[in-house]
Amino acid sequence: MSNNNQKQLNKHGFDVNMEFSFKKLGVFMKQIFESASQNKFLFFTVCFFTMLDALISTFLPVFATMMISGIMNDLAGTEKKETLSFLAWQVSIIEWKTWLYITLATLVLLFMSEYVVNWSVAQFSLHVEINQRQKMLIRLAQQDVDFFFDHVSGNILTRLVGDTQSLAFGIQQFFTNMIYFLTGIIMAVVIMILSGIWYVAVIMAVYMVFSIGIAVIIFIQNRRKLITAFDRKREVDQDMTDRISNISLIKSSGLEEYEVKRVEELNEIYNRAGDKAVQWSALLTQWIQITASAMMPLFVIIFCVAFLKSGNTELLLVKMPLAQVLVSFVVGAIAMLIPTLRSATRAQNAAQRISELTDPEPTIKPNPEGPLIEKINSVTFENVAFAYPKKPEKTILPKMNITFEKGKSYAFVGETGSGKSTIAKLLLRFYMPVDGKIMVEGKYQNEDALIKDSHDLNTINLPAYLSRVGYVEQEPQILFGDFFENIRYAKFDATDEEIMKACKKANLHDFIISLKDGYKTILGQRGFLLSGGQKQRLVIARVFLKNPDFLILDEATSALDNIVEKEIQAELDKLMKGRTSVTIAHRLSTIKSVDQIIVLGANGKGIVQQGTYDELISTPGRFKKLYEAGLMN
Ligand SMILES: Nc1ncnc2c1ncn2[C@@H]1O[C@H](COP(=O)(O)OP(=O)(O)OP(=O)(O)O)[C@@H](O)[C@H]1O
């Protein structure tokens, strides 16, 4: 095994280390203990009843043997009763009917305990799956925005759905089967020793070490191939999720056939990996079956030889049937090892993949204990410098100072990649400055309203701050649901009337009521039913409803055509009235009337010019160049 600790990442940014590792096993065991501690009652029920099940299953053959021996004694009509040395007592074989009743009663107990095992195992597994999903969702919700740039959303979904299921199933199987296996084998050996057939246990142990040893060698090979096959399958799943979410690109490019061929090729790779895994799986199953089937005749031969040599009928009448049933129980338990190990393999990998999503600690904390802002007055960048965490060597913004004063409008312009959208991301606290501070001045709860208070954005209560900020971006984010649900996302306690008022302001109301189901119309996935302009109006209605103090418009109209853009701009102008606003602009029309235009230079130069539109257009400089080059049209 290599000592190289560096993570191998696939193109989706996830670890694809296929070797067995104690780390993976550790992660899996951690998940088991975590699940057990979260579901203590179910966990103990599963353990207790699985053990009981194994105990009953090992004793049942003993009782059945007693019954058979009783019947044979009756048939022989002999006065001398055979005895079975069991649990240190010489148990005389009494009435076979007594043993029949005991066997039947034990059977009923077995059925009952099996029901409890099945019920508790299914419940435990469901709880584990739900807990894992919840844990993953909570961590994803807390995760830094940057995390999602790295991890393809389809890939995250596969983990959320497939891996949580595999893990829950694996934990359940591994757990119950191991308990059953160990309890059953220990009890079988104990019964053999106490029944005076200890030599069966010894022969069986030697035989088992040999056959399991070979099975483990085959299993290790099989496991490697299985993991490769799982990973290929997941790659196909992720790829399909990605392509389905981009179906309009495929359709509009007429590339359906290309995509079908591509997926066929990917499936072929999965198929080849799967074939190899299947070959080793078949070999493993074959080996276990051969060794298991050979065990029975082996013991029959041993007992027959012993009988022929000693002439002791007890060997054939009592001990051989008992050995047979106990050995067959052990064989059955060994056979359960294959699915157990398989699902444990699957679960270990699932646990590893889940932990890649749940382990990374978010760097941006919501500061629930931080000062609670009630009203934002102004926001000031004090010597703010920034580089993205993934590329710390590339300065996006050098030391930068600017104040967004209360009620004034600001617009950032500059060449592509100059860092305009980065300003919006810093204002939303998607990222923290590498240097300097963003100070938020306003009215904070429990602080003297007369004192103009100012706190670092990194330290204040983030949800309270964001509840005072309105954000309109280029790609409107529409949730699956109706208009009411979508707009209410800005203010959960808003009445239907308030929502309609906001829609009227955003010029969306007339369109909504023209629809058959009006405000109750379900918007398809990502607002499938709406045009670009309508989606943007919906987002604007959300912001009207929210009534924020501070507005961030990040290229809000750049995806719209000129006519729609003009209409939407009128709505945005209404929105900006009386609020502090920061516009990230592409077009001149969006910034002509703002109070301050800030021009950013390319390649991390930061602010290179600042002023009103009239000032900048009449001064030689970067803005004039952008304007003359037609970059602001
Ligand atoms: N998450 C990220 N990680 C690393 N680099 C990033 C990230 N997001 C953006 N960048 C880089 O930061 C630089 C500034 O990006 P930004 O989106 O702020 O530019 P912009 O001026 O808004 O560009 P445009 O006008 O094209 O939208 C670009 O070079 C971009 O490649």
Side-chain angles (χ1 to χ4, degrees), residues 9 11-14 140 142-153 155-156 357 360-364 379 381 384-400 402 404 410-436 438 457 469 471-477 532 536 539 551-560 565 569 572 581-591 594 596-610 616 621-623 625-633:
L9 298 179
K11 64 177 175 172
H12 306 290
F14 288 112
L140 285 174
Q142 294 168 338
Q143 213 36 274
D144 297 342
V145 175
D146 216 42
F147 182 87
F148 296 92
F149 293 137
D150 256 14
H151 297 86
V152 181
S153 60
N155 193 307
I156 291 174
L357 283 188
E361 279 288 327
T363 53
I364 308 285
V379 178
F381 277 40
V384 166
F386 184 72
Y388 280 97
K390 296 274 151 43
K391 285 188 187 162
E393 70 292 346
K394 186 182 170 193
T395 302
I396 304 294
L397 299 171
K399 281 198 172 157
M400 179 173 154
I402 186 167
F404 304 110
Y410 299 82
F412 281 87
V413 299
E415 282 112 328
T416 179
S418 56
K420 302 181 295 291
S421 293
T422 304
I423 302 275
K425 289 176 193 164
L426 286 170
L427 284 168
L428 290 163
R429 223 179 133 222
F430 285 176
Y431 297 92
M432 290 188 289
V434 220
D435 210 356
I438 299 176
L457 177 56
V469 175
Y471 178 50
V472 184
E473 57 187 317
Q474 186 180 344
E475 255 307 308
Q477 309 263 302
Q536 210 53 292
V539 174
L551 201 58
I552 302 167
L553 308 174
D554 190 356
E555 299 177 356
T557 56
S558 58
L560 307 173
E565 190 237 325
Q569 191 54 47
L572 290 174
S581 67
V582 173
T583 304
I584 310 299
H586 259 139
R587 293 180 186 165
L588 195 58
S589 51
T590 51
I591 56 160
V594 297
Q596 278 285 308
I597 297 173
I598 302 115
V599 187
L600 294 183
N603 302 323
K605 286 200 186 64
I607 301 175
V608 291
Q609 250 191 319
Q610 199 170 340
L616 293 174
R622 186 64 58 93
F623 184 79
K625 273 192 189 148
L626 286 173
Y627 179 75
E628 282 165 359
L631 293 173
M632 298 304 304
N633 295 320

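Order of listing sets the numbers, starting from 1, for every ligand and every atom in it. Residue numbers run from 1 in the order of the sequence given. What you are looking at is a predicted structure, and each value in this text was computed from that prediction instead of being measured.
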Could you tell me which non-hydrogen atom of Tyr471 sits nearest to which non-hydrogen atom of Val539, and how far apart they are? O-CG1, 4.1 Å
For atom 25 (O) of ligand 1, grab the closest protein heavy atom and report residue, atom and distance to one decimal in Å. Lys420 NZ, 2.8 Å
Rounded to the nearest 0.5 Å, what's the gap from CZ on Phe412 to CD1 on Ile598? Could you check? 4.0 Å
Give the numbers and elements of all ligand 1 atoms closer than 4.0 Å to a heavy atom of Thr422. 14 (C), 15 (O), 16 (P), 18 (O)
Does atom CG of Asn603 have more than 12 heavy-atom neighbours, drawn from other residues, nucleotides or ligands, at distances under 6.0 Å? no
Would Ser418 count as being in polar contact with ligand 1, using the rule that some N or O on each side must be under 3.5 angstrom apart? yes
Counting heavy atoms only, which of Tyr388, Phe147, Phe386 is nearest atom 9 (C) of ligand 1? Tyr388
What is the closest protein heavy atom to atom 1 (N) of ligand 1, and at what distance does it sit? Asp146 OD1, 3.2 Å
Checking a contact table here: which protein heavy atom is nearest atom 27 (O) of ligand 1, and how many Å away? Glu555 OE2, 3.4 Å
Which residue from Ile396, Thr395, Asp144, Asp554 reaches closest to atom 12 (O) of ligand 1 through any of its heavy atoms? Ile396
Checking Gln609 side chain against Arg622 main chain: does a donor-acceptor pair fall under 3.5 Å? yes
Distance to 0.1 Å, residue and atom name: give those for the protein heavy atom nearest to atom 17 (O) of ligand 1. Ser421 CB, 3.6 Å
Between ligand 1 and Tyr431, can you find any atom pair, the residue atom being a heavy atom, that is separated by under 4.0 Å? yes
Roughly how far, to the nearest 0.5 Å, is the CD1 atom of Ile396 from the OH atom of Tyr431? 10.0 Å
Rounded to the nearest 0.5 Å, what separation is found between the CZ atom of Phe381 and the NZ atom of Lys399? 15.0 Å
So Val599 and Leu616, do their side chains get closer than 4.5 Å, heavy atoms only? yes
Within 4.0 Å of atom 30 (C) of ligand 1 (strictly less), any protein heavy atom? no
Spacing of Asp144 atom CG and Thr363 atom OG1 [to the nearest 0.5 Å]: 3.5 Å
Return the closest protein heavy atom for atom 23 (O) of ligand 1 as residue, atom name and distance. Gly417 N, 3.0 Å
Give the atoms of ligand 1, by number and element, whose distance to some non-hydrogen atom of Lys425 is under 4.0 Å. 8 (N)
Under 4.0 Å from one or more heavy atoms of Gly419, ligand 1 contributes atoms 14 (C), 18 (O), 19 (O), 20 (P), 21 (O)
Taking a cutoff of less than 4.0 Å between a non-hydrogen atom of the residue and any ligand atom, is Gly414 in contact with ligand 1? no
Counting heavy atoms under 4.0 Å, the part of Glu415 that contacts ligand 1 is backbone
Could you report the tightest heavy-atom contact between Ile584 and Lys420, atom names first, then the distance? CD1-O, 3.2 Å
Among all protein heavy atoms in this structure, tell me which lies nearest to atom 26 (O) of ligand 1, with the distance rounded to 0.1 Å. Thr416 OG1, 2.4 Å
Give me the atom names and distance for the closest heavy-atom approach of Pro433 to Leu426. N-CD2, 4.1 Å
